[in-house]
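Position 1 is the first residue of the sequence, and the numbers go up from there. None of these values were measured; they are calculated from a predicted model.
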Amino acid sequence: VQLQASGGGLVQAGGPLRLSCATSGLTFRAYTMGWFRQAPGKEREFVAFVSWSGGRTSYADSVKGRFTISRENAKNTVYLQMSSLKPEDTAVYYCAADLKLSPPMNEYQYWGQGTLVTVSS
């Protein structure tokens with residue numbers, strides 16, 4: 001199983017960025033997909049998740065209204081569209097997969113390697 005996150009980079013505050021997570025080796029349409037992030041010196045935290053069908057999503061309060069998670073089952077890929085980015089969004093962003101609908105972060109079965117997002121002020 002592989003999860004490959006991409007799309008990170010340097011962006012100015014207020015700008016948009018879209019992350020992608022391409023998967024292989026799993027039945028993608030059966031998995032809940034989540035995005036998490038870890039800022040320098042901080043613990044990893046939940047950002048968003050989307051259910052296997054795309055019918056249910058959930059967001060951390062800190063990103064609600066600015067980030068949108070979506071998935072394309074035909075491409076085995078999950079996305080995180082980020083807008084109105086703030087310097088405090090700077091972090092390594094990770095995608096993860098699990099068969100449960102809304103598992104705690106430490107129960108996600110598969111993880112990608114992370115992609116760095118840096119937001120300059």
Colleague: Return yes when atom NZ of Lys75 has more than 12 non-hydrogen atoms of other residues, nucleotides or ligands closer than 6.0 Å, and no otherwise.
Modeller: no
Colleague: Kindly compute the distance separating SG (Cys21) from CD (Gln113), expressed to the nearest 0.5 Å.
Modeller: 8.0 Å
Colleague: Same hydrophobic cluster for Trp111 and Val92, using side-chain heavy-atom links shorter than 4.5 Å among ILVMFWY?
Modeller: yes
Colleague: Can you find a heavy atom in the side chain of Phe49 that is under 4.5 Å from one in the side chain of Arg56?
Modeller: yes
Colleague: Quick check: closest heavy atoms across Ala13 and Ser121, and the distance to 0.1 Å?
Modeller: CB-CA, 4.3 Å
Colleague: Are Trp35 and Phe28 connected in the hydrophobic side-chain network, where two residues link if heavy atoms are under 4.5 Å apart?
Modeller: yes
Colleague: For Thr32 and Ser51, work out which heavy atoms get closest and say how close.
Modeller: OG1-CA, 4.1 Å
Colleague: Taking Asp61 first and then Lys64, would you say they form a salt bridge - that is, a charged N and a carboxylate O separated by under 4.0 Å?
Modeller: yes
Colleague: Taking all atoms of both residues into account, what is the closest heavy-atom pair of Ala22 and Thr77, and its distance?
Modeller: CA-OG1, 3.9 Å
Colleague: Looking at Gln12, I want to see if its CD is surrounded by more than 12 non-hydrogen atoms of other residues, nucleotides or ligands under 6.0 Å.
Modeller: no
Colleague: Between Leu99 and Leu3, is there shared hydrophobic-cluster membership here, with clusters defined by ILVMFWY side-chain heavy atoms closer than 4.5 Å?
Modeller: yes
Colleague: Are Leu19 and Val11 linked, directly or through other ILVMFWY residues, by side chains that come within less than 4.5 angstrom of each other?
Modeller: yes
Colleague: Give a yes or no answer on whether the side chain of Gln38 reaches the backbone of Lys42 with a donor-acceptor pair at less than 3.5 Å.
Modeller: yes
Colleague: Mind checking the CZ-CE spacing from Arg44 to Met105? Nearest 0.5 Å is all I need.
Modeller: 7.0 Å
Colleague: Mark yes or no for whether Asn73, through its side chain, and Trp52, through its backbone, hold a donor-acceptor pair below 3.5 Å.
Modeller: yes
Colleague: Could you give me the CA-CA distance, side-chain angles and deciding distance for Gln109 and Leu26, then say whether side chain to side chain contact (heavy atoms under 4.5 Å, CB included) is met?
Modeller: CA-CA 11 Å; Gln109 183 175 11; Leu26 53 71; over 6 Å; no
Colleague: Any donor and acceptor pair, going by atom type alone, linking the side chain of Thr90 with main-chain N or O of Val119 inside 3.5 Å?
Modeller: yes
Colleague: Atom CZ in Arg29, atom CG in Asn76: separation rounded to 0.5 Å?
Modeller: 9.0 Å
Colleague: Please check: side-chain N/O of Ser20 versus main-chain N/O of Tyr79, any donor-acceptor pairing under 3.5 Å?
Modeller: no
Colleague: Of all the heavy-atom pairs spanning Ala97 and Met33, show the shortest one and how long it is.
Modeller: CB-SD, 3.5 Å
Colleague: Run the side chain to side chain contact (heavy atoms under 4.5 Å, CB included) test on Leu80 and Arg37 for me, step by step, so that the C-alpha distance in whole Å, both residues' side-chain angles and the decisive distance to 0.1 Å come before the verdict.
Modeller: CA-CA 12 Å; Leu80 186 68; Arg37 66 186 182 186; over 6 Å; no
Colleague: Between Arg66 and Met82, is the side chain to side chain contact (heavy atoms under 4.5 Å, CB included) condition met? List the steps.
Modeller: CA-CA 6 Å; Arg66 300 188 298 121; Met82 304 184 292; over 6 Å; no
Colleague: Does Ile69 form a side chain to side chain contact (heavy atoms under 4.5 Å, CB included) with Val78? I'd like the steps, not just the answer.
Modeller: CA-CA 7 Å; Ile69 189 171; Val78 62; 3.9 Å; yes
Colleague: Check whether any side-chain heavy atom of Phe46 sits under 4.5 Å from a side-chain heavy atom of Phe36, and report yes or no.
Modeller: yes
Colleague: Hey, what do you get for OH (Tyr110) to CD (Gln2), rounding to the nearest 0.5 Å?
Modeller: 12.0 Å
Colleague: Show the nearest heavy-atom pair for residues Cys95 and Ala5, with the distance to one decimal.
Modeller: SG-CB, 4.2 Å
Colleague: Do Tyr93 and Val50 sit in one hydrophobic cluster, given that two such residues count as connected whenever their side-chain heavy atoms are within less than 4.5 Å of each other, even indirectly?
Modeller: yes
Colleague: Is there side-chain contact between Phe67 and Leu85, with at least one heavy-atom pair below 4.5 Å?
Modeller: yes
